[in-house]
Amino acid sequence: MISGKNYIGNKLSAKNTKTYKTFNPKTNTENTISFYEANQEEINEAVLLASNAFEAYKNISNEKKALFLNTIADEIVALDTALIDTYCSETGLTEGRALGERGRTVGQLRMFADLVRQGNWVDATIDTAIPDRVPMPKSDLRKMMVPLGPVVVFGASNFPLAYSTAGGDTASALASGCPVIVKSHPMHAATGELVASAINKAAEITGMPNGVFSNLNSSGIEVGVALVQHPGVKAVGFTGSIRGGSALFNLAAQREEPIPVFAEMGSINPVVILPKALAAKNEEWAKTYASSITLGSGQFCTNPGLLLGISSDSLNKFIVHLSDEIVKIAPTCMLHPNIYKAYTTNKENAETQQGVVIAASFETKVADNHAKQAVTTVDGATFLKNTSLHHEVFGPYSMVVRCENAKELEAVIVALEGQLTGTVIAEENDAENYVEIINALKNRVGRIIYNGVPTGVEVCPSMQHGGPYPASSDSRFSAVGVHAIKRWIRPFSYQDWPNALLPLELQNENPLQLSRLVNGEQTTRSI
């Protein structure tokens, strides 16, 4: 049962009289439950609990942390249809999408449980003493990764499960030994509360310290600002807009003790379609990209919003085929009226820029909050001059840039801001002729795709979900896969400490059987 209250540790709280409701975009009506805005007292309580919990949680065994994560997954599954129905009522998304996202969320939690149980993520490194070394003796030094402290996670609008309350940021932070305070997204607060109840139930079942997790509601920015500025918070995870992520990053940098903000922000995910591919399969690629552009109403951070090619008859035919295919697809509901309005405004702004031509636009009347997809074209010189055309239009929209030649295509790529992904569409022996263009694309993205689409992010160790600014605030880290844990940890060294006082990961006997770098050799042996 959903209460509309805040979870301050394992207790429900409602100390503010201000409330708000979520919205069902399909019915175009408010949902019934009111959610209490968190106030400063509740924020302070949540951070204090998290700080106290950190002292115990960071030292809890790998086995117990893994059990906690797996139990969260179990409890989310146990929510069953209550979670799926609530998800659909707050997003306008389908039951199939809800089930798929729940599966991904549960899979991420179990993946991090396996990582924690195995233990090698601490990157244990040992250099033993050489007391008789001349001219100076060498100390015994041992290093491993340790958690930062309480982490604030902002729920994402477009992934109410996989990037929100128990999503990748929360799962990776809990795996590292950091307590988590979630600032629930106001568009799916009921979904967030259900998941929060599952996390707290799992914490109780597995004996985790009170305060290892809290969930705070807010319809505005005030709670998020207060959390980022709170001295007890040590790191932030965010998925959303460039404006929102940059604001949080600046707030964190201006603190007396600056903290890291790991923000995944805007991306238009350029796709380079090379000449041979255009000549050989322009109709096939047009159909593939019409589907990718409209998938989930284009509400993916990896939506292909920019298609780049060299002017030719083949490119002209591709644009015609893409235009024909994209209007065949029935528009779908966006997540919220505000997102729909922003899409409409940003699309119209792009379409009315000088030199932009509308190639395709869905014109048939649609239901409320359903996004009408569109494709526009522009020449390379205009795109280079007008940087507003680089801005993301969040929704089922893409722009095709007609470049005069390979040199201009390379210049367009070089001029782009940082992106999550870049894609190259090529035929055999085609890419080899455009090495400079591909190298330029590599410099602007975190992941490069060959003959595919950017939509769809596989959760695995080799996935990089992040890129140069403003795709993310720090391109060295991924928000997806087991390496996401690296955002919430720091290296820590022990010098000349007695073996019995060292953490298990660094003791001579290697009781956890970790793979450690000992005097330059990777080994599981004891010392």
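This one's a predicted model, so the numbers in the text were calculated from it and none came from an experiment. Excluded from the calculations below are hydrogen atoms, water molecules and symmetry mates; all remaining heavy atoms, backbone and side chain alike, are included.
In this structure, D169 contributes its side chain and Y163 its backbone to no donor-acceptor pair below 3.5 Å. One N or O on the side chain of Q373 and one on the backbone of I329 form a donor-acceptor pair closer than 3.5 Å. Here the side chain of T125 pairs a donor or acceptor atom with the backbone of D123 at under 3.5 angstrom. With hydrogens and angles disregarded, a donor-acceptor distance shorter than 3.5 Å links the side chain of E193 to the backbone of S3. Looking only at distances, no side-chain donor or acceptor of E90 sits under 3.5 Å from a matching main-chain atom of C88. Between the side chain of R104 and the main chain of L161, no donor-acceptor pair closer than 3.5 Å is present. Side chain of Q299 to backbone of N158: no donor-acceptor contact under 3.5 angstrom is found. Side-chain atoms of S164 do not come within 3.5 Å of backbone N or O of G167 as any donor-acceptor pair. Looking at S214, its side chain does come within 3.5 Å of a backbone N or O of G9 through a donor-acceptor pair. Listed for the N369 side chain is a donor-acceptor partner under 3.5 Å among the backbone atoms of P25.
Of all heavy-atom pairs between E264 and L420, the closest is OE2-CD1, 3.6 Å. Shortest non-hydrogen contact noted between T423 and P454 is OG1-CD, 3.9 Å. Taking both residues in full, the closest heavy atoms of S478 and H465 are given as OG-N, 3.0 Å, listed atom of the first, atom of the second, then distance. Listed here is the closest heavy atom pair of Y469 and M265: CE1-CE, 3.5 Å. Between I60 and K65, the shortest heavy-atom distance links the atoms O-NZ, 2.6 Å. The two residues A252 and V261 make their nearest non-hydrogen contact at CB-CG2, 3.4 Å.
Between K64 and M208 the shortest side-chain heavy-atom distance falls below 4.5 Å. By the 4.5 Å heavy-atom criterion applied to side chains, N510 and L514 are counted as neighbours. For the pair V424 and L441, the minimum side-chain heavy-atom distance is below 4.5 Å. With a 4.5 Å cut-off on side-chain heavy atoms, L174 and V212 count as touching. For the pair F54/N52, no side-chain contact is recorded, criterion being any heavy-atom separation below 4.5 Å from C-beta on. Looking at I339 and F394, their side chains come closer than 4.5 Å, going by heavy atoms from C-beta outward. By the 4.5 Å heavy-atom criterion applied to side chains, F213 and I181 are not counted as neighbours.
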**Report entry** side chain to side chain contact (heavy atoms under 4.5 Å, CB included) between V414 and L416, worked out
**Finding:** CA-CA 6 Å; V414 169; L416 288 175; over 6 Å; no

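Note: F300 and F159 meet the aromatic proximity criterion, with ring centroids under 6.0 Å apart.
Under the 4.0 Å criterion applied to side-chain N and carboxylate O atoms, E41 and K15 are assigned as salt-bridge partners. Between D474 and K486 there is no salt bridge, since no side-chain nitrogen of the basic residue lies less than 4.0 Å from a carboxylate oxygen of the acidic one. By the 4.0 Å N-to-carboxylate-O rule, R142 lies too far from E505 to be salt-bridged with it.
A donor and an acceptor atom, one from each side chain of E392 and S267, are nowhere located under 3.5 Å apart.
With a 6.0 Å radius and a threshold of 12 heavy atoms from other residues, nucleotides or ligands, Y289 has its OH atom above the threshold.
Taking the ring pair (Phe, Tyr, Trp, His ring centres under 6.0 Å) definition, one finds that F492 meets it with Y494, sequence neighbours left out.
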